[in-house]
Number of protein chains: 2
Amino acid sequence: MQILVVEDDNRISNFLIKGLEEFGYLVTLCKNAEDVLAHYMHVEWDLIILDIMLEGMDGVQLLQTLRYKKVYTPILMLSALNSVQDKVSALDYGADDYLTKPFHFDELLSRIKALTRRQQYQQQETPKAELTFGDLHINLEQYKVTLGTEPVELSPREYKLLIYLVENIDKTVGRIQILNAVWGITFDNHTNVVDVYISYLRNKIEKGDRKYIYTVKGVGYMFKI
Amino acid sequence: MQILVVEDDNRISNFLIKGLEEFGYLVTLCKNAEDVLAHYMHVEWDLIILDIMLEGMDGVQLLQTLRYKKVYTPILMLSALNSVQDKVSALDYGADDYLTKPFHFDELLSRIKALTRRQQYQQQETPKAELTFGDLHINLEQYKVTLGTEPVELSPREYKLLIYLVENIDKTVGRIQILNAVWGITFDNHTNVVDVYISYLRNKIEKGDRKYIYTVKGVGYMFKI
DNA sequence: CTTCAACTACAAGAATTTGCATAGATTTTT
DNA sequence: AAAAATCTATGCAAATTCTTGTAGTTGAAG
């Protein structure tokens, strides 16, 4: 689930990103409205969280522009004020929901769930806590991976990568695709972090001679039992 | 057990919060009806305690609005007057119980117990007052923790944190999640209070070499026997 | 079958982040 | 006023992340 956060206050954006990531969302931050239009529109976001108050073009203007451009991604507006006027204009211009700061994180989560319900049933109709692939066990609640009975110590990034591969089991996923999903949207394609982390993962979960991660030359990687 | 108190008189709210926390409830205060609708509705409260007299939108109006919005959380109304009219309209509009100030705390407690009985049997078929994890005993009624036979002196915040971790036993809880549940609403993630209090707790309950609180790197903490 | 360019694997280490302890400032309670 | 509790700030060691550079692999053209 990819969420774009448009917010120029670092304190708030940090809080949002960290919190949402704790709950398994992939979050990308954009600090101003102009950049959203210039660079972030070609990505298919599941949700956009948009602050009303922004330097330069403000949130409502961006909202208007997006809807004018026929972007129908669910949009959740954030505002510091509980101004009725703001709320009305936001909803008038096509926002899907509206939340005033500060809020309980639970509340944000439940609204996100409501707004992305359409997509959700595909991914998590029954959120399983335990996944098993041969010897490999992944406990999603405990963030714990074991190989047979042996625990596997994965760093956060390694874990995230494994989860992504596993979610796309039997499908080849490209490097850029992985980069987007695991590292967040980035325009840097002169990096080989993906290769490096695939290598780390292999060292940790393919200690036996069982193979899980297959290289698809020229394309990317595939997780397979 | 999470209780929301809606009350604008500080004297009364302090009294309620302190008293309820002594009996192990997690209490959140909201000072006006508007904020309840704006910020607190999407949290799954076990009980809402609602003063009839409030600045702005009053308790009965809020009650009506909540029920109209299909919020079926048990609601206990508080009133300064023993007005039959108030009582009738409160119960008419869907309050579950009604209490006039001043009241004996015992009475409030027994009504809370009655109102939350429905949920209780789901969570704790036999509502245990005493939780035991290895050497660690937590007496919820007496707000007392012992390690073996040795009493453990916890500050209120430490206790609240412990209870939250224990309620989520075997599940990893993130820092933001903890911050929200134990410290209340905040946008501040440039704080390390959670870490500090985890450390305090560990010092107090892991005096032997038994471990209870596990760090999940990059994510948060997990309570485990 | 050999060659070679493109692709992949991974070691080493620099840079950054994280978790934790400690000290002390501030607030609340007694 | 004293004590307790809460929270901030800081430093540091260890873990993590990511870059760079090199060696190895692959597979298609000759």
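To find a chain, count down the sequence lines: A is the first, B the second, and so on, and within it residues start at 1. In what follows, every heavy atom counts, from backbone to side chain, and hydrogens, waters and symmetry copies are set aside.
- Think of the region where chain A sits on DNA chain D: with heavy atoms and a 4.0 Å cut, that region ends 5' and 3' at D:dT16 to D:dT26.
- Under the ring-ring contact (aromatic ring centres under 6.0 Å, His included) criterion, B:Tyr164 pairs with no residue, sequence neighbours left out.
- Partners of A:Tyr214 under the ring-ring contact (aromatic ring centres under 6.0 Å, His included) rule, at least two apart in sequence or in another chain, do not exist in this structure.
- Projected onto DNA chain D by closest heavy-atom contact, B:Val193 and A:Ser155 fall at different nucleotides, the more 5' of which corresponds to B:Val193.
- The stretch residues 156-170 of chain A comes close to DNA chain D through A:Pro156, A:Arg157, each having a heavy atom under 4.0 Å from the strand.
- The side chain to side chain contact (heavy atoms under 4.5 Å, CB included) test applied to B:Ser110 returns no partner, not counting sequence neighbours.
- For A:Phe223, the ring-ring contact (aromatic ring centres under 6.0 Å, His included) partners two or more places apart in sequence, or in a different chain, are A:Phe133, A:Tyr212.
- Here A:Ser199 pairs with A:Asn203 under the side chain to side chain contact (heavy atoms under 4.5 Å, CB included) rule; sequence neighbours left out.
- With respect to B:Lys204 and B:Glu158, a salt bridge is recorded, a charged nitrogen being found less than 4.0 Å from a carboxylate O.
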## Note on the structure
Scoring nucleotides 16-30 of chain C by protein non-hydrogen atoms under 4.0 Å (B base, S sugar-phosphate only, - none) yields ---SSBB-------S
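- Every side chain to side chain contact (heavy atoms under 4.5 Å, CB included) that B:Arg202 has, sequence neighbours left out, goes to B:Ile198, B:Glu206, B:Ile213, B:Thr215, B:Tyr221.
- By the side chain to side chain contact (heavy atoms under 4.5 Å, CB included) test, A:Glu22 pairs with B:Arg175, B:Ile176, B:Gln177, sequence neighbours left out.
- Judged as a salt bridge (Lys or Arg N to Asp or Glu O under 4.0 Å), and not counting sequence neighbours, A:Glu150 has no contacts.
- Scanning for ring-ring contact (aromatic ring centres under 6.0 Å, His included) contacts around A:Tyr143 gives A:Tyr159, with sequence neighbours left out.
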